[in-house]
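If you read the sequence from its start, that first residue is 1, and numbering goes on from there. Note: hydrogens, waters and symmetry copies are ignored here, and every other heavy atom, side chains too, is used.
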Amino acid sequence: QMHRCAVLFVALFALSAHVLGQGSLPPPNAQFGRNMLQYFMLAPSYKNFNHGSFGSTPRFVYEVQQSFVAEMEARPDAWFRGNYQVLVDSSRQAVANMVGANKNDVVLVENASGGCNAVMRSINWQKGDKVLHTNIAYPMVTNTLNWLVQREGIQSMNMLLNFPASDAYLIAQTKQMLSTGGYKLCVFSHLTSTPAIVLPVKELTAVCHQAGALVLIDGAHALGQIPINVTDIDADFYVSNGHKWLYSPKGSAFMWVAPRDQAGIVPTVISSSGKTDYAGSFEYTGTRDYTAFASMSAAVQFRQQLGDQRITDYNHDLAVWAAYTLAQMWGTEVLTNNNATMGAMATIRLPTNDFSAAQWLQSRL
């Protein structure tokens, strides 16, 4: 009876949080562009050229999260002993629906770095095991692998890629690397940040599986920027941030692990909960702020209000237009003329060969 009352209380509280943020939900037909600034927390004078690193939270999502913070502080015991878990479970379902997954295979983590670390540090390594990564991998990946080289004696194998590149080239390079054997894990970005390119992760996964290797997809930039179907990709592990392109609060991401690979995958923090199953072990990782996790469903609601496909199409079209416009203005070129390999980010050659000048521009933006 007490459990049922707690669930009822949480359901009523979630409804009140929804009503609290209702006023800042844009109408479904809201005009995109500058008009949307009123629905985000960004300062009107701030030009956010770097959405990919840290993202931006809509007012609606922020208000929902703040209502959760207030509830956590008002009833700490009730919050940590049952209330937040129901809300996080709702977020897991909302994310699972977006990425073509079963909720039981989805857990929430603070960021893609935490998810990748949970995977790479949970694998039962043997000295000499090879891990394939690319020269465009996010530094977190290579830094973690370097740590494993020192601690476990694995071999971190860097696959050098030149761009622009076709899917056929990427697949051929991967096959060539794997031909030497001994690979236990392959790590690929779904959408790299430097350069900004969508990789053919489904095809790369199939090649790696044929070679007997596990596959981890670092989809840090993918959720909300490009379509994801983890079941179709069929990797062993997939992680992605929510705070970048889903518009959820900072410190919200998801990790999907195929059922065949869940045994032994544990969070980077082993808590007092005593739960040892895959989903249970990630549910509680100590006393911390779980409101970002709980608010991911609000971010999904915000996007559904406007039309998820409408958002991704607008951002993609804007990025493509901006890329070719800048290239024409500068007399340079876009890295790829295959628009399908661009999400909401693009790479354009700067009109200078001065590396210091390029670094200065990067720091300014």
Residues M98 and R303: closest non-hydrogen pair is CE-NE, 4.4 Å

Exercise for review: Please check if the side chain of N143 supplies one atom and the backbone of P139 the other of a donor-acceptor pair under 3.5 Å.
Suggested key: yes

Between the OG atom in S273 and the CD atom in E283, the distance rounded to the nearest 0.5 Å is 7.5 Å

Subject >> Flag side-chain contact, heavy atom, 4.5 Å: L132 against F188 >> reply: yes

Where the side chain of N97 meets the backbone of A94, is there a donor-acceptor pair that is under 3.5 Å apart?
no

Check whether T268 reaches the backbone of A118 with its side chain - one donor and one acceptor, N or O, closer than 3.5 Å.
no

Query raised in the report: Going by atom types alone, do T291 and D289 pair a side-chain donor with an acceptor below 3.5 Å?
Result: yes

Here the pair of heavy atoms bringing T347 nearest to A196 is OG1-N, 2.9 Å

Can a donor-acceptor pair be found, under 3.5 Å and without considering hydrogens, that links the side chain of T341 to the backbone of N338?
yes

Could you pull out every donor-acceptor pair under 3.5 Å between side chains of residues 148-157 and any protein atom, sequence neighbours left out?
| unit_1 | atom_1 | unit_2 | atom_2 | d |
| --- | --- | --- | --- | --- |
| Q155 | NE2 | G128 | O | 2.8 |
| S156 | OG | H133 | NE2 | 3.0 |

Counting N and O atoms only, with roles assigned by atom type, does the side chain of N35 sit under 3.5 Å from a partner on the main chain of Q31, one being a donor and the other an acceptor? yes

Value for CG (L161) from CD1 (I197), rounded to nearest 0.5 Å, stands at 11.0 Å

Going by chain and number, the hydrophobic cluster around M41 (ILVMFWY, side chain to side chain under 4.5 Å) further includes Y62

Sequence neighbours left out, cut at 3.5 Å: what donor-acceptor pairs do the side chains of residues 246-254 make with other protein atoms?
| unit_1 | atom_1 | unit_2 | atom_2 | d |
| --- | --- | --- | --- | --- |
| Y247 | OH | N315 | ND2 | 3.4 |
| S248 | OG | G242 | O | 3.0 |
| S248 | OG | H243 | N | 3.4 |
| S248 | OG | S252 | OG | 2.6 |
| S252 | OG | P249 | O | 2.5 |

Heavy-atom nearest pair, S91 first then S297, reads OG-N, 3.1 Å

Nearest heavy-atom approach of F237 to L185 is CE1-CD1, 4.4 Å

Quick note, ring-ring contact (aromatic ring centres under 6.0 Å, His included) partners involving residues 287-307, not counting sequence neighbours, are F40-F302, Y84-Y290

Any salt bridge linking R59 with E63? Criterion: basic side-chain nitrogen under 4.0 Å from a carboxylate oxygen. no

Task: Y284 and K275, any side-chain heavy atoms less than 4.5 Å apart - done: no

One should read off an interatomic distance between Q225 CD and H51 NE2, to the nearest 0.5 angstrom, of 8.5 Å

CG of L170 to OG1 of T134, rounded to nearest 0.5 Å, is 9.0 Å

Exercise for the section: Look only at the side chain of H316 and the backbone of G343, and say whether a donor-acceptor pair between them is shorter than 3.5 Å. Expected result: yes

Residues at least two apart in sequence or cross-chain that pass salt bridge (charged side-chain N to carboxylate O under 4.0 Å, His left out) with D236, listed by chain then number, are R260

- Message: Checking the side chain of N117 only, and the main-chain atoms of S113 only, is there a donor and an acceptor separated by less than 3.5 Å?
- Response: yes

- Looking only at atom types and distance, does a side-chain atom of S240 sit under 3.5 Å from a main-chain N or O of G219, one as donor and one as acceptor? yes

- Message: Counting only heavy atoms from other residues, nucleotides and ligands, does the tally under 6.0 Å from CD of Q328 exceed 12?
- Response: no

Taking the side chain as every heavy atom from C-beta outward, state whether H190 and Y238 have any pair of such atoms under 4.5 Å apart. yes

* Asked: Any side-chain heavy-atom pair from N337 and Y324 closer than 4.5 angstrom?
  -> yes

Members sharing L37's hydrophobic cluster, built from side-chain contacts under 4.5 Å between Ile, Leu, Val, Met, Phe, Trp and Tyr, are L42, Y46

Exercise. For N50, does its backbone N or O pair with a side-chain atom of S53 as donor and acceptor, under 3.5 Å?
Worked result: no

Residues pairing under side-chain hydrogen bond (donor to acceptor under 3.5 Å, both in side chains) where one sits in residues 161-180, two or more places apart or in two chains, turn out to be K130-T180

The remaining residues in the hydrophobic cluster of L191, counting side-chain heavy-atom contacts under 4.5 Å among Ile, Leu, Val, Met, Phe, Trp and Tyr, are V198, I226, W245, M345

Closest heavy-atom pair, R92 versus A279, reported as atoms and distance to 0.1 Å, is NH2-CB, 3.8 Å

Rounding to 0.5 Å, atoms SG (C186) and CG (L178) come to a distance of 5.0 Å

Under 3.5 Å, side-chain donor or acceptor atoms of residues 348-356 against the rest of the protein: list the pairs with distances, not counting sequence neighbours.
| unit_1 | atom_1 | unit_2 | atom_2 | d |
| --- | --- | --- | --- | --- |
| R349 | NE | E333 | OE1 | 3.4 |
| R349 | NE | E333 | OE2 | 2.7 |
| R349 | NH2 | E333 | OE1 | 3.1 |
| T352 | OG1 | D354 | N | 2.9 |
| D354 | OD1 | S356 | N | 2.9 |
| D354 | OD1 | A357 | N | 3.2 |

- prompt: Is it true that D234 and K202 make a salt bridge, defined as a side-chain N closer than 4.0 Å to a carboxylate O?
  reply: no

Applying side-chain hydrogen bond (donor to acceptor under 3.5 Å, both in side chains) to Q262 and not counting sequence neighbours gives D105

(Q) I'd like to know if the side chain of N241 and the backbone of N111 have a donor-acceptor N/O pair within less than 3.5 Å. (A) no

Using side chain to side chain contact (heavy atoms under 4.5 Å, CB included), reason through L306 and M36 one step at a time and then give a plain yes or no. CA-CA 11 Å; L306 292 168; M36 292 303 297; 3.6 Å; yes

Tightest non-hydrogen contact, residues I136 and P195, listed as CG2-CD, 3.6 Å

Hits for side-chain contact (heavy atoms from CB on, under 4.5 Å) against T325, two or more places apart or cross-chain, chain-then-number order -> W321, M329

Taken to the nearest 0.5 Å, the spacing of W256 CH2 from T231 OG1 works out to 6.0 Å

For L160, the other hydrophobic cluster members (4.5 Å side-chain criterion, sorted by chain and number) are none

Apply side chain to side chain contact (heavy atoms under 4.5 Å, CB included) to N135 and M159, showing your working.
-> CA-CA 6 Å; N135 59 326; M159 180 167 68; over 6 Å; no

request  = Check whether any side-chain heavy atom of L318 sits under 4.5 Å from a side-chain heavy atom of F32, and report yes or no.
outcome  = no

Contact check, side chains of V215 and H209, non-hydrogen atoms, under 4.5 Å:
yes

Decide, yes or no, whether a salt bridge links R310 with D313 under the criterion of side-chain N to carboxylate O below 4.0 Å. no

